Amino acid sequence: MKRLFGVIGDPISHSMSPMMHNDAFKNLKIDGYYQPFRITPEDLATAIKGMKVIGIEGFNVTIPHKTSILPLVDRLDPLAKAIGAVNTVVRDGNDYVGYNSDGLGFIRSLQERWKKDFKNEKTLIIGAGGAAKAIYYSLASVGVKKIDICNRTTARAQGLVDHCPFKCETNILDFPQARQNLGAYTLVIQTTSIGMSPNINEIPFSLENMLPNTHAVDIIYNPLETKFLTEARQKGATTQNGIGMFVHQGAIAFEKWTGIKPDIIRMENIVMQHLG
Ligand code: ATR
């Protein structure tokens, strides 16, 4: 019988995950199928029960369910619990176990693309929303000892740091301070929605002080090239967009479900074809 997987969200029709995972099943000759399910918030609890009864082995979780699913799974991985968000559910016996592969996907993308020991970088995260939290907590959980954060609302950044169970030394900056001190960082991670389509001409702040030895990441992938990435490259920085993080979070989920590492380049090509 076909092994069943999927993604739940609302909206869900734009999701690139089905084509990525279904291609990997085909390529690896796994008799599996990955289906997008549009589930409204009111139906979430019923949907999870139904998925379990039907025999769905694992699924991804996207907006708006990443936090509201927490009490609905049987067990939570400690990192997902700390982040307070689940993007991957794996069936273990009769239990659904919640994981968060967003931040770990981000880390793998850095390792794979740049072959760098990012633990020694002087890191600045721009933003303090859900994505920033997943990245900060994941970096801290793998032993990064110092990460600074800047956000429009500094109190939100403070809250993010205060709730982190993994030890990490952090200075919190507002945007003018970050702009001023940008030369102090060798890894700058843009996690806000600033610059996302359709607001493609926006940037959190000027990168005039960024140094050429910097590695700059924007987790946005629509557009593929944000103003942040363009300015960073103009300053001589090495850059990457959000495709790597997206593909790797999916690959980690795929590995948890099947025990097999999918072909990352193939996954990336599928996503690029769709966006290109
Ligand atoms: P996500 O889950 O994608 O991270 P989020 O939790 O809504 O989304 O977080 C959005 C991030 O983008 C926050 O850091 C937010 O800053 P605030 O905490 O100050 O709201 C930031 N952001 C979004 N629009 C912004 C804007 N126009 N100017 C500055 N920051 C913005």
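Computed from a predicted model, the values in this text were never measured in an experiment. Every number for a ligand or one of its atoms is a count from 1 in the order of the listing.
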Participant: Out of Ile149, Asp102, Thr153, whose heavy atom is nearest to atom 17 (P) of ligand 1?
Facilitator: Thr153

Participant: So which protein heavy atom does atom 13 (C) of ligand 1 come closest to, and at what separation?
Facilitator: Arg156 NH1, 3.5 Å

Participant: Testing the 3.5 Å rule here: is there a donor-acceptor pair between the side chains of Gln240 and Ser109?
Facilitator: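 Yes, Ser109 and Gln240 have a side-chain donor paired with an acceptor closer than 3.5 Å.
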
Participant: So which heavy atom in the protein is nearest atom 23 (C) of ligand 1, and how far is it from that ligand atom?
Facilitator: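 Here the closest protein heavy atom is Ser193 OG, 3.3 Å.
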
Participant: Taking all non-hydrogen atoms of both residues, which atom of Arg266 and which atom of Asp263 are closest, and how far apart?
Facilitator: N-OD1, 3.1 Å

Participant: Decide whether an N or O pair under 3.5 Å exists between Ala131 and ligand 1.
Facilitator: yes

Participant: Tell me the protein heavy atom at minimum distance from atom 8 (O) of ligand 1, and give that distance in Å.
Facilitator: Gly130 N, 4.3 Å

Participant: Out of Arg152, Lys133, Glu202, who gets a non-hydrogen atom closest to atom 28 (N) of ligand 1?
Facilitator: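 It is Arg152 that holds the nearest heavy atom.
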
Participant: What is the closest protein heavy atom to atom 29 (C) of ligand 1, and at what distance does it sit?
Facilitator: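 Scanning the protein heavy atoms, the shortest distance from atom 29 (C) of ligand 1 goes to Ile194 CD1, 3.3 Å.
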
Participant: If we only count heavy atoms from C-beta on, is the Trp257 to Asn60 side-chain gap below 4.5 Å?
Facilitator: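 Trp257 reaches Asn60 side chain to side chain.
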
Participant: Could you measure the distance from the SG atom of Cys164 to the CG atom of Leu139? Nearest 0.5 Å is fine.
Facilitator: 10.0 Å

Participant: Can you name the closest pair of heavy atoms from Thr88 and Ser101 and give their distance?
Facilitator: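 Looks like OG1-OG, 3.5 Å.
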
Participant: List the closest protein heavy-atom neighbour of atom 9 (O) of ligand 1: residue, atom name, distance to the nearest 0.1 Å.
Facilitator: Gly129 CA, 3.3 Å

Participant: Any idea which of Thr192, Thr154, Thr67, Thr191 brings a heavy atom closest to atom 21 (C) of ligand 1?
Facilitator: Thr192

Participant: Does Ala128 reach ligand 1 with a nitrogen or oxygen that is under 3.5 Å from one of the ligand's nitrogen or oxygen atoms?
Facilitator: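 Yes, Ala128 has an N/O under 3.5 Å of an N/O on ligand 1.
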
Participant: Can you tell me how far apart NZ (Lys133) and CG (Asp102) are? Round to the nearest 0.5 Å.
Facilitator: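 Between atom NZ of Lys133 and atom CG of Asp102 there are 13.0 Å.
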
Participant: Given Ile63, Ile125, Asn151, which has its nearest heavy atom closest to atom 14 (O) of ligand 1?
Facilitator: Asn151

Participant: For Lys52 and Asp74, what are the C-alpha separation, side-chain angles and deciding distance, and is it a salt bridge (Lys or Arg N to Asp or Glu O under 4.0 Å)?
Facilitator: CA-CA 11 Å; Lys52 197 187 254 186; Asp74 302 296; 2.7 Å; yes

Participant: Sort out for me which residue in Arg113, Glu112, Gln111 forms a side-chain hydrogen bond (donor to acceptor under 3.5 Å, both in side chains) with His248.
Facilitator: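 Filter result, single survivor: Glu112.
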
Participant: Which atoms of ligand 1 have any heavy atom of Gly127 under 4.0 Å away?
Facilitator: 14 (O)

